[in-house]
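One is the number of the first residue; the rest follow in order along the sequence.
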Amino acid sequence: MARITAQKAQIDISCITGTGDHGRVTLDDVKDVLYPLLSKPRGGLPFVLAPARTTTVTGRKVSSTPPFATPMARTAARNSNLDLTTIDGTGESGRITLDDVKSALKQRKESYSSSPQ
């Protein structure tokens, strides 16, 4: 069921960290990845489930598919109005982790406090 759900949503199941027996990907794991993609983040547009396409906007690459991130990282970024496309992932295969989001939030806070007002 997890594989079928991932295929229908055009999610690569090999990119999902499994929490089932022996690291097996469960339906809940797929839902953890899928539901943040379908929800509308605060202050932004909803994510699009589509094949990866990138375009360059003002010198920065923009992708129509969401970045490769853990569910906890997605939630933390969404709650903090942080754009995941601006974060470099340090996890396995470049995946954005919760620590990466915390680091980006710390950098953002430091840049706001050091900027003249």
For Arg108, give me all partners under side chain to side chain donor-acceptor pair (under 3.5 Å), at least two apart in sequence or on another chain. none
Given 3.5 Å as the limit, does a donor-acceptor pair link the side chain of Asp100 with the main chain of Thr97, or not? yes
Ser103 meets the side chain to side chain donor-acceptor pair (under 3.5 Å) criterion, sequence neighbours left out, with none
Report the C-alpha distance between Val30 and Val25 in whole Å, list the side-chain angles of each, state the deciding distance to 0.1 Å, and finish with yes or no for side chain to side chain contact (heavy atoms under 4.5 Å, CB included). CA-CA 7 Å; Val30 174; Val25 176; 3.9 Å; yes
What I'd like to find out is whether the side chain of Lys102 reaches to under 4.5 Å of the side chain of Leu98, using heavy atoms alone. yes
Quick one: closest heavy-atom pair of Ala77 and Leu84, and the distance? CB-CD2, 3.6 Å
Contact between Thr75 and Arg78 at the side-chain level, heavy atoms closer than 4.5 Å - yes or no? yes
Would you call Thr90 and Asp99 a side-chain contact if the rule is heavy atoms closer than 4.5 Å? no
Would you check, one step at a time, whether the test side chain to side chain contact (heavy atoms under 4.5 Å, CB included) holds for Val101 with Ile96? CA-CA 7 Å; Val101 172; Ile96 299 170; 4.1 Å; yes
Sequence neighbours excluded, the answer for side-chain contact (heavy atoms from CB on, under 4.5 Å) partners of Lys8 is Ile4
I need the minimum non-hydrogen distance between Glu92 and Phe68, along with the two atoms involved. O-CE2, 3.8 Å
For the student: nearest non-hydrogen atoms of Arg95 and Pro71, plus distance: NH2-CD, 4.0 Å
Given Asp83, which of Thr86, Asn81, Thr85 fulfils the side chain to side chain donor-acceptor pair (under 3.5 Å) condition? Thr85
